[in-house]
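In what follows, every chain begins at residue 1, and chains take the letters A, B, ... in the order their sequences are listed. All values below were derived from every heavy atom in this structure, side-chain atoms included, with hydrogens, water molecules and symmetry-related copies excluded.
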Amino acid sequence: MAEDKELRYDPAAIEPKWQQRWAADPTLYAAEPAACGKPKYYVLEMLPYPSGQLHMGHVRNYSIGDALARHMWMRGYNVLHPMGWDAFGLPAENAALKNNTPPREWTLNNIAGMKRQFERLGMGFDWATEITTCLPDYYRWNQWFFLRMYERDLVYRKKSKVNWCPECATVLANEQVVDGCCWRHEDTKVEQRDLVQWFFRITAYAQELLDDLDKLNGWPEKVRTMQRNWIGRSEGTEVDFFLEEAKKKRSEISHPSEQRPLAGGPGGDQGSEKTRIRVFTTRVDTIFGATSVQLAPQHALVAEFTAANPELKVQVEEMIEQQKKAREAGDLGAIEKHGVPTGRFAVNPYNGERVPIWVANYILADYGTGAIMSVPAHDERDFEFAIKYDLPIVQVIHPEDKTLAVVLPFVSEEGVLVNSGEFDGLSCTQAQAKMQELAVAQRFGEPKVTFRLKDWGVSRQRYWGTPIPMIHCERDGLVQVPDEQLPVVLPAEIEITQQGGSPLSRVPEFLNTTCPRCGGPAKRETDTMDTFVDSSWYFYRYTDSKNDREPFDPAVVKYWFPIDQYIGGVEHAILHLIYSRFWTKVMRDLGLIENDEPVRRLFAQGMVIKDGAKMSKSKGNVVSPDDMVARYGADAARMYSLFAAPPDRDLDWQEDGVAGVSRFLARVWRLTTKYAHIVREMQPSDFDERRPSALLRKLHQTIAKITLDFEGRWHFNTCVAAIMELVNEIQAADAQLAAGEVPAPVVRELFRSLVLLLAPFAPYLAAELWEELGEEGSVLRAPWPKSDPGLAREDELEIPVQINGKLVTVVRVPADADTKAIEAAALADEKVRSRIAGKNVVKMIVVPGKLVNLVVR
RNA sequence: GCGAAAGUGGCGGAAUUGGCAGACGCACCAGACUUAGGAUCUGGCGGAGCAAUCCAUGGGGGUUCGAGUCCCCCCUUUCGCACCA
């Protein structure tokens with residue numbers, strides 16, 4: 001038994017041995033300075049939240065990135081492969097409540113444990129560049145950026161309806177609300193509350209964020225589409241409908257001296273204007289078909305109408321409540337359309353027609369102007385509404401072909417105007433342009449681009465986040481914390497309670513300060529920043545993580561950016577990746593960097609599934625990486641996570657599969673250790689002797705396949721399969737190898753290359769066997785093998801022969817056989833001859849190197 | 001409802017450009033070796049059939065000498081969006 005053990009692949013012995021050696025060599029995974037002269041390659045995986053445990057999704061994510069990093073090292077690149085911790089956030093506070101451990105301690109303990117897990121997994125990270133976002137040397141730069149953005153009017157405060165998660169007792173960004181529930185608490189309904197909040201003006205970059213998506217051709221189309229939808233650009237027209245009471249003043253209104261306020265953000269300024277209702281429409285060409293104006297129940301004018309009409313008021317309030325509930329439930333689209341007439345009328349500026357003003361529950365206050373013109377003939381929703389309330393339906397667009405019968409609502413823009421006065425006969429697009437011109441000329445409207453994207457609310461009423469570096473002074477109002485007073489440090493000692501409001505407001509030593517401007521008593525801002533701030537720029541900090549004078553040295557960033565390859569879960573397609581893009585553009589405009597986009601290529605990996613569901617504690621189907629490492633070794637766990645599915649697809653975790661990979665690694669270990677002595681004992685003079693052989697052919701085919709995959713397709717599952725095939729062939733040649741019938745140079749090339757091919761996927765075994773083969777130095781610095789096409793080429797090919805498209809037989813021909821020779825070989829075949837005997841060969845298709853097909857009648 | 005991706009053996013999956021469907025692995029079956037072992041090696045393994053053969057990539061049609069792959073219709077699953085005017 002003890003004897004046996006020596007002959008067995010034993011990851012439990014190999015892996016700790018290499019962990020020690022690697023820990024002793026800080027240069028192994030270290031990025032080099034620009035002066036090294038090598039081409040740079042920045043490979044990045046999304047940094048984890050230090051929850052305490054790595055999960056299989058992490059193992060998969062980092063196995064993909066680490067394989068790529070190792071491959072690039074072997075290709076001679078200067079690789080930056082950093083790691084850090086997204087260390088602020090709510091779970092630390094929850095844990096503090098539960099275990100009475102301070103968030104900082106809990107977080108740092110988790111980090112230490114997870115770092116150990118990374119080490120056990122053999123991940124090749126450059127720990128010298130490690131960042132931890134909850135430490136002041138990182139978050140001070142969040143504060144620094146906040147101030148720079150404040151100075152450029154990219155930060156502002158406003159009272160707004162916010163999404164409030166009662167579980168988190170804090171505000172959530174729109175992006176953090178999933179189906180009406182908190183993104184962290186799937187079962188907790190989000191409530192709407194009114195609070196004064198800090199916002200980043202991401203909408204200032206909406207157009208550029210949209211436009212630049214076209215440049216990101218290294219990103220999955222799916223992610224780009226999701227971002228496009230999220231930004232939701234929509235081109236249209238704002239038009240004023242005049243309140244009937246104001247009609248007599250119309251000439252006055254269109255007078256040049258009249259100043260109309262510019263429409264502000266969503267929800268706009270319509271309240272200040274009591275003579276008109278501004279609507280937003282993408283189909284101004286249909287305006288002659290408008291038969292009512294619909295207001296959102298929260299619209300400023302509605303309050304005015306209801307002031308004198310208690311009955312209306314009750315109904316409007318019901319609608320607001322209903323919308324609120326629907327919004328909280330996330331099924332805004334599901335509520336039945338419902339409305340009430342206000343008894344007031346508005347006048348269509350294009351045709352002077354008088355239309356009723358309604359309040360309707362399907363009009364959103366926070367999109368466009370919160371008011372629409374209703375054109376039932378050409379809009380599904382308006383149509384449904386008009387049918388329900390028996391409002392008139394006026395068709396104003398007709399297909400160009402006048403003979404076509406029209407089914408209303410006719411929503412196509414392919415048509416011409418009818419019943420539209422002077423605009424009759426124009427196409428929809430022509431009419432839109434003309435009508436916009438008229439609106440501008442007569443000052444009752446203008447072209448308008450509306451975005452669905454909202455400004456980024458960053459205030460959080462939590463303790464464990466970056467303090468917002470602002471001071472409230474009674475005399476001077478809002479005052480920035482001066483740069484030299486940064487960082488505003490989170491107080492270490494704090495009692496975490498479940499009370500609402502900002503925990504920092506209950507820490508007098510933090511709260512009370514002096515005004516930097518007047519020196520008088522003042523109070524600090526007690527909100528902290530959304531943790532998405534931390535992850536919006538962390539990858540810049542990696543390049544210069546110890547810099548205490550600036551967030552990073554622009555010259556160093558210029559060398560490393562953009563990131564060549566970013567790898568992470570598709571669940572961050574919108575939130576993290578849009579904020580990161582925004583932050584990059586802001587930093588560019590601050591003159592800190594030159595790149596417009598942070599990430600050149602993005603890879604969205606699939607989820608890890610077990611028993612048909614995503615691994616999660618609540619489903620009870622979690623597999624612990626530590627268990628896998630203990631049972632099968634890190635190499636097997638990592639390699640299985642690459643082998644079981646292509647990286648972009650979901651992966652079905654089957655433990656038997658890990659065992660299979662482990663058996664494969666054992667086989668590699670046995671074969672290599674068995675014949676390593678041949679390699680070790682070779683004389684240098686023998687090294688160059690190379691001759692074609694079946695084994696070398698398979699080897700060079702394998703090298704070619706894997707090299708190609710690393711360059712683009714990333715089907716690492718088939719890469720592993722290819723290595724398995726190669727090893728199967730070596731195993732089949734076991735007898736010849738044992739008998740010394742395989743020339744030593746072939747043995748050497750075979751096993752050296754095998755180990756090199758394995759190195760990105762199974763780093764421990766590769767290191768061990770590299771040493772076993774008598775090599776010195778790290779396998780990571782050994783050049784990636786090059787496929788020799790001469791050796792890879794088959795000299796004979798099997799060509800399938802079909803008759804009428806059905807496979808009949810296979811003929812062997814020389815690899816360079818031309819059409820004629822293949823034809824002859826096919827016709828000479830027994831089976832073929834008996835099948836075509838007495839029949840007429842109508843046609844013969846020969847694809848050299850591929851197949852023959854005889855068409856026979 | 002709109003959009004995208006996917007559907008292939010008992011299972012995970014392969015087939016990169018329209019050219020031998022099922023590589024590789026798991027599970028299973030048989031054999032070898034053996035002081036039984038969850039080790040290793042050899043062979044088998046889509047379905048039907050003794051066989052020659054036939055059938056088979058969600059279903060139905062089509063294009064083609066040839067279709068898992070391209071086109072049309074339908075079904076299912078997953079994901080994203082969903083009163084955005």
* To do: Name the residue closer to the 5' end of RNA chain B, choosing between Val661(A) and Arg670(A) according to the nucleotide with the nearest heavy atom.
  => Val661(A)
* Using the C1' atom on both, measure rC24(B) against rG9(B) and round to a whole Å. => 15 Å
* Pick the P atom in rC74(B) and in rC81(B), then give their distance to the nearest Å. => 26 Å
* Could you tell me if the ring centre of Tyr362(A) sits under 6.0 Å from that of Tyr367(A)? => no
* Structure fact -> Comparing nearest nucleotides in RNA chain B, the 5'-proximal residue of the pair Thr282(A), Val810(A) is Val810(A)
* With C1' as the reference atom in both, quote the distance from rG38(B) to rU17(B) in angstrom, rounded to an integer. => 45 Å
* Asked: How far, in whole Å, is rC11(B) from rA27(B) if one measures between their P atoms?
  -> 15 Å
* Spacing of the C1' atoms in rU8(B) and rA67(B) (rounded, Å) -> 14 Å
* Which part of the nucleic acid, if any, lies within reach of Arg224(A) when heavy atoms closer than 4.0 Å are counted: base, sugar-phosphate only, or nothing? -> nothing
* To do: Could you let me know what rC28(B) is paired to, Watson-Crick or G-U wobble, both distances under 3.5 Å, or none if it's on its own?
  => rG44(B)
* Whole angstrom value for the distance that separates P of rA85(B) from CG of Asp366(A) -> 13 Å
* Asked: For the pair made of NZ in Lys388(A) and P in rC83(B), what is the distance, rounded to whole Å?
  -> 17 Å
* Scan Asp734(A) against the nucleic acid and name what it touches under 4.0 Å (heavy atoms): base, sugar-phosphate only, or nothing. => nothing
* Tell which nucleotide pairs with rA85(B), taking only Watson-Crick or G-U wobble pairs whose two distances are both under 3.5 angstrom. => none
* Worked check of salt bridge (charged side-chain N to carboxylate O under 4.0 Å, His left out) between Arg228(A) and Asp214(A) -> CA-CA 10 Å; Arg228(A) 259 183 221 112; Asp214(A) 293 336; 3.3 Å; yes
* Structure fact -> In 5'-to-3' order, the base (B), backbone-only (S) or no-contact (-) status of each nucleotide in nucleotides 6-19 of chain B, using a 4.0 angstrom heavy-atom cut-off, is -----SBSSSB--B
* Give a yes or no on whether a salt bridge exists between Arg278(A) and Glu446(A), defined as a side-chain N under 4.0 angstrom from a carboxylate O. => yes
* Asked: So, Phe241(A) versus Phe444(A), ring centres under 6.0 angstrom or not?
  -> no
Taking only N/O atoms, report every protein-nucleotides 51-57 of chain B pair under 3.5 Å with atom names and distance.
from: rC55(B); atom 1: OP2; to: Lys806(A); atom 2: NZ; distance (Å): 3.0

* Take the protein atom CG of Leu665(A) and the nucleotide atom P of rG25(B), then report the distance between them rounded to whole Å. => 13 Å
* For rG3(B), what is the paired nucleotide under Watson-Crick or G-U wobble rules, both distances under 3.5 Å? -> rC79(B)
* **Step-by-step side-chain hydrogen bond (donor to acceptor under 3.5 Å, both in side chains) determination, Gln432(A) to Asp285(A)** => CA-CA 5 Å; Gln432(A) 284 170 16; Asp285(A) 53 307; 2.9 Å; yes
* Does any nucleotide pair with rC70(B) by Watson-Crick or G-U wobble geometry, both distances under 3.5 Å, and what is it? -> rG62(B)
* Between Arg663(A) and rG38(B), does any side-chain N or O lie under 4.0 Å from OP1 or OP2? -> no
* **Spacing between Lys843(A) atom NZ and rC65(B) atom P, to the nearest angstrom** => 5 Å
* Asked: Is there a donor-acceptor contact under 3.5 Å from the side chain of Asp382(A) to the main chain of Ser374(A)?
  -> no
* Asked: Mind checking whether Met373(A) and Val355(A) have side chains closer than 4.5 Å, heavy atoms only?
  -> no
* Please measure how far the C1' atom in rC41(B) lies from the corresponding atom in rG46(B), and state the result in whole Å. => 27 Å
* For rA39(B), the Watson-Crick or wobble counterpart (both distances under 3.5 Å) -> none
* To do: Report, as yes or no, whether the 6.0 Å neighbourhood of atom CD on Glu796(A) holds more than 12 heavy atoms from other residues, nucleotides or ligands.
  => yes
* Tell me yes or no: between the side chains of Asn728(A) and Arg667(A), is some donor less than 3.5 Å from an acceptor? => yes
* Contact class for Gln294(A) (heavy atom, under 4.0 Å): base, sugar-phosphate, or nothing? -> nothing
* Asked: Is Ile363(A) touching bases, backbone alone, or none of the nucleic acid, heavy atoms closer than 4.0 Å?
  -> base
* side-chain hydrogen bond (donor to acceptor under 3.5 Å, both in side chains) assessment of Asn229(A) paired with Arg452(A) -> CA-CA 8 Å; Asn229(A) 292 341; Arg452(A) 206 189 77 118; over 6 Å; no
* In whole angstroms, how far is the P atom of rC41(B) from the NZ atom of Lys674(A)? -> 10 Å
* Asked: When the distance from CD of Gln322(A) to P of rC83(B) is rounded to whole Å, what number comes out?
  -> 13 Å
* Could you tell me whether a side-chain N or O of Asn361(A) sits under 3.5 Å from a main-chain N or O of His338(A), the two making a donor and an acceptor? => yes
* **Nearest-angstrom distance, P atom, rA4(B) to rG10(B)** => 32 Å
* To do: In whole angstrom, give the distance that lies between atom CD1 of Ile609(A) and atom C1' of rU78(B).
  => 9 Å
* Asked: Starting at OH of Tyr367(A) and ending at P of rA82(B), how long is that distance when rounded to a whole Å?
  -> 12 Å
* To do: Tell me whether the OP1 or OP2 atom of rA85(B) has a side-chain N or O from Ser234(A) closer than 4.0 Å.
  => yes
* Asked: How far does the C1' atom of rG58(B) sit from the matching atom of rU69(B), given to the nearest Å?
  -> 16 Å
* **Lys337(A) charged N/C atom sitting above Phe385(A) aromatic ring, 6.0 Å / 45°** => no
* Name the nucleic acid region contacted by Gly660(A), choosing base, sugar-phosphate or nothing; use a 4.0 angstrom heavy-atom cut-off, strictly under. => sugar-phosphate
